[in-house]
Amino acid sequence: MAHTEMKRIIYVPFDHLHRNFGALKSADLAVDVIAIVESARMTTGRNWHKERLFFLISSARHFAQRLEEEGFSVEYIKAPTTVDGLKIISDKHKGLPILCAEPSSFKQYEALKKYKVTFVDNDFFLTPRPLFKEWADGQKSYLMENFYRKQRVRLNVLMQGTEPAGGSWNFDKENRLPPPKKYDGPPYLEHVRDEIDQQVAKEIGHTPTTTWATTRAGALNQLTNFIDNHFGEFGPLEDAMTTDNWALHHSLLSPYLNNGLLHASEVVEAAVAAFNTGRIPVESAEGFIRQIIGWREYVNGMYWYLGPDYRNNNEFHAKRALLPLFSDPNKTQMNCIKQTVTDINQRAWVHHIPRLMLLSNLALVTGTNPQEFLDWMREVFIDATDWVMVPNVIGMGLHADGGAMMTKPYAAGGAYISRMSNYCKGCAYNPKLRVGDDACPFTTLYWDFLDRHKEEFAKNHRMSQQVFGLKRLSDLPELKVRAQEVLKGLDEGRI
Ligand SMILES: Cc1cc2nc3c(=O)[nH]c(=O)nc-3n(C[C@H](O)[C@H](O)[C@H](O)COP(=O)(O)OP(=O)(O)OC[C@H]3O[C@@H](n4cnc5c(N)ncnc54)[C@H](O)[C@@H]3O)c2cc1C
Ligand code: SF4
């Protein structure tokens, strides 16, 4: 009886949790039923990191509670799949039309298209999908830097008239400092757990950390904490890795940006306001803004632009099964990897350099199957959504797309890791050595990788210098033997 006057069902996926965006922005208490579905496929379908499940489910339940407090009629149900859940809600409400913002993954888009769902534009990003397509259609190669500069002008962010603030579009050179000797940053924000959190934790059998907020208020606190305590120092140390401090000055905002608790425009506004006070150096402001209006928008744009089959690319025909060290840090003596996988097990997060230059680099140089690695990355990160993982792993991390996205593979040996971290000091291996029992596996495999693919790389002028370096290696035959030993040892969880 209560809902006979209702006119629509608004379906809110777990990654559209914002009152002012998506289908909810036009919601009306008097006529709209809100549907939220906790699908078993999403919660138990794969070997998801429990911290990630906890975060996603608890955020959705808190969000449902907020909508109820606002006076909405909310149907929050558990069902085998999203569509099963929508059917149950639809039957209960006599087949009312269902409205949703365009989903953020190909799979869900297809599933909802087949079902009777009407879509409104997905405005959880700053760049509408057709606008990105227009940009990409006009490019010879899809350089992020070109897209980013257009975004700065279009969105009028960090601009002084037609010129970039601080006189340069790019402060990357200033933003590559190694970690200081002993690093003691400001403490990280802790998020107190409430009843809903405890209930979710109990249901999934998990003891959550206090790292991730599960409410809008908590996400806003995280934003303020970043702006007040970390933003100013974000830039110079953004590529550094240290065992002294697990996050340095990274914002830890990706989970909220991706599930909707924060909108990119809110983060940009807060960053620009802080920059305008004059207390944030331009290299930090630019470095951070680049991540939000550049990388994040570019990656989402490319996901839709490159299409659903892009994820299956395997340019190097890489066949190796996922190494055991990815699921068990005790299966390796490589300190950098051991620490990184331990960090992931603990809180489902490491920053972009360990993701790119450690985990993806290792998968790349060992010839690990891209799809197996992608599946693992999707399962373990707090912020992993399909649209962001697929281009980052297939294009950026593994170059499995043959260069559709990035002009060259991000392969590196131990020298890079030694420069940018303090991992090597505590390691069984020596980053400078490429042969011998204590040679750094990254260094050995880097050269082996270049040698395995030298014909392909010879065609790429951005790789020619690296490939040329091979010619100077007098110990290449010995190195090839060591590479086989390393690969075997990694497969067996000994190296
Ligand atoms: C191989 C690989 C896999 C990645 N997988 C994910 C993922 O599943 N989910 C995810 O949100 N990010 C992913 N990233 C991007 C980046 O590593 C994370 O966004 C970042 O580490 C999150 O921490 P933060 O919020 O403290 O980021 P900060 O360093 O503070 O950066 C601010 C924001 O910029 C955005 N951003 C920065 N780089 C990227 C990028 N390459 N792609 C998209 N957004 C970016 C994020 O929203 C991030 O919150 C991946 C990067 C690589 C190289
Ligand atoms: S020596 Fe090599 S394996 Fe060890 S921490 Fe350094 S880069 Fe990693």
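Indexing begins at 1, ligand by ligand and atom by atom, following the structure's order. The analysis underlying the following values was restricted to heavy atoms, covering all of them including side chains, and did not include hydrogens, waters or symmetry mates.
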Heavy-atom nearest option to atom 21 (O) of ligand 1, drawn from Met302, Glu238, His352: His352
Provide, to 0.1 Å, the distance between atom 53 (C) of ligand 1 and the closest protein heavy atom, together with that atom's residue and name. Leu356 CB, 3.6 Å
Tell me: protein heavy atom nearest atom 9 (N) of ligand 1, and distance? Asp383 O, 2.9 Å
For atom 36 (N) of ligand 1, state which one of Gln291, Glu297, Arg290, Gln222 supplies the nearest heavy atom. Gln291
Is the shortest side-chain N to carboxylate O distance from Lys488 to Glu492 below 4.0 Å? yes
For ligand 1, which part of Leu359 has a heavy atom less than 4.0 Å away: the side chain, the backbone, both, or neither? neither
Decide yes or no on salt bridge (charged side-chain N to carboxylate O under 4.0 Å, His left out) for Arg290 and Glu283, but give the supporting numbers first. CA-CA 10 Å; Arg290 161 185 299 270; Glu283 60 272 21; over 6 Å; no
Met389 N/O under 3.5 Å from ligand 1 N/O: no
Contact flag Cys424/atom 8 (Fe) of ligand 2, N/O/S atoms, threshold under 2.8 Å: no
Take every heavy atom of His249, measure it against each atom of ligand 1, and state whether any distance is under 4.0 Å. no
Nearest neighbour of atom 32 (C) of ligand 1 from the list Trp387, Phe288, Tyr298, Phe381, on a heavy-atom basis: Phe288
Taking only heavy atoms of Met377 into account, list the atoms of ligand 1 that are under 4.0 Å away from them. 1 (C), 3 (C)
Which segment of Phe234 sits under 4.0 Å of ligand 1 when only heavy atoms are counted: side chain
Do Ser105 and Asp386 pair up side chain to side chain, a donor and an acceptor below 3.5 Å, judged on atom types alone? no
So, applying ring-ring contact (aromatic ring centres under 6.0 Å, His included) with His249, which one of Phe288, Tyr183, Phe226 is it? Tyr183
Which residue is it: Tyr148, Tyr298, Phe147, Tyr305? I am looking for the one with a ring-ring contact (aromatic ring centres under 6.0 Å, His included) to Tyr142. Tyr305
Heavy-atom contacts with Tyr423 under 4.0 Å: which atoms of ligand 2 show up? List them by number with element. 5 (S)
Taking atom 27 (O) of ligand 1 as the point of reference, which of Gly395, Pro391, Ala271, Ser251 owns the nearest heavy atom? Ser251
Would you say the ring centers of His18 and Phe124 fall short of 6.0 Å from each other? no
Are Phe449 and Phe457 near enough that their ring centres are under 6.0 Å apart? yes
Among Asp343, Asp239, Asp383, which residue satisfies the salt bridge (charged side-chain N to carboxylate O under 4.0 Å, His left out) criterion with Arg355? Asp383
Got the closest protein heavy atom to atom 4 (Fe) of ligand 2, with its distance? Cys427 SG, 2.3 Å
In terms of side-chain heavy atoms, does Glu38 have a donor or acceptor partner in Thr43 at a distance below 3.5 Å? no
What about Trp349: any of its N or O atoms under 3.5 Å from an N or O on ligand 1? yes
Pair Asp375 + Arg46: basic N to acidic O under 4.0 Å: yes
Heavy-atom nearest neighbour in the protein, as seen from atom 2 (Fe) of ligand 2, with distance rounded to 0.1 Å: Cys440 SG, 2.3 Å
Are Tyr429 and Phe442 close enough that their ring centers fall under 6.0 Å? no
From atom 24 (P) of ligand 1, work out which of Leu252, Val380, Ile289 has a heavy atom at the shortest distance. Leu252
Can you report which non-hydrogen protein atom sits closest to atom 5 (S) of ligand 2, along with the distance? Cys336 N, 3.5 Å
How close does the nearest protein non-hydrogen atom get to atom 47 (O) of ligand 1, and which residue and atom is it? Arg296 CD, 3.3 Å
Which of these, Asp386, Val267, Asn392, Leu253, has its nearest heavy atom closest to atom 50 (C) of ligand 1? Asn392
Tell me, which protein residue and heavy-atom name are nearest atom 39 (C) of ligand 1, and how many Å apart are they? Trp295 CB, 3.8 Å
Glu51 side chain vs Thr209 backbone, donor-acceptor pair below 3.5 Å: yes
Could you tell me if the ring centre of Phe125 sits under 6.0 Å from that of Trp387? yes
Just by distance, no angles: are the side chains of Thr366 and Arg320 close enough, under 3.5 Å, to form a donor-acceptor pair? no
Among protein heavy atoms, which sits nearest to atom 1 (S) of ligand 2, and what does the distance come to when rounded to 0.1 Å? Tyr429 O, 3.4 Å
Judged by non-hydrogen atoms, does Ser418 sit under 4.0 Å from ligand 2? no
Nearest protein heavy-atom contact for atom 43 (C) of ligand 1: which residue, which atom, what distance? Val388 CG2, 3.5 Å
Quick test: of every protein heavy atom, which one is nearest to atom 11 (O) of ligand 1, and how far off is it to 0.1 Å? Asn258 ND2, 2.9 Å
Tell me which protein heavy atom sits closest to atom 1 (C) of ligand 1, plus the residue, atom name and distance to 0.1 Å. Ser360 OG, 3.4 Å
Please confirm whether the ring centroid of Phe14 lies under 6.0 Å from the ring centroid of Phe63. no
Does ligand 1 have an atom under 4.0 Å from some heavy atom of Gly397? no
Checking side-chain polar atoms at under 3.5 Å, does Gln466 have a donor or acceptor matched by the opposite partner on Tyr446? yes
Is there a donor in the side chain of His250 and an acceptor in the side chain of Gln291, or the other way round, less than 3.5 Å apart? no
Nearest protein heavy atom to atom 29 (O) of ligand 1, by residue and atom, and its distance? His250 ND1, 2.6 Å
Identify, by atom number and element, the atoms of ligand 2 in contact range of Ile417, meaning under 4.0 Å from any of its heavy atoms. 7 (S)
The answer for which part of Ala384 has a heavy atom under 4.0 Å from ligand 1 is both
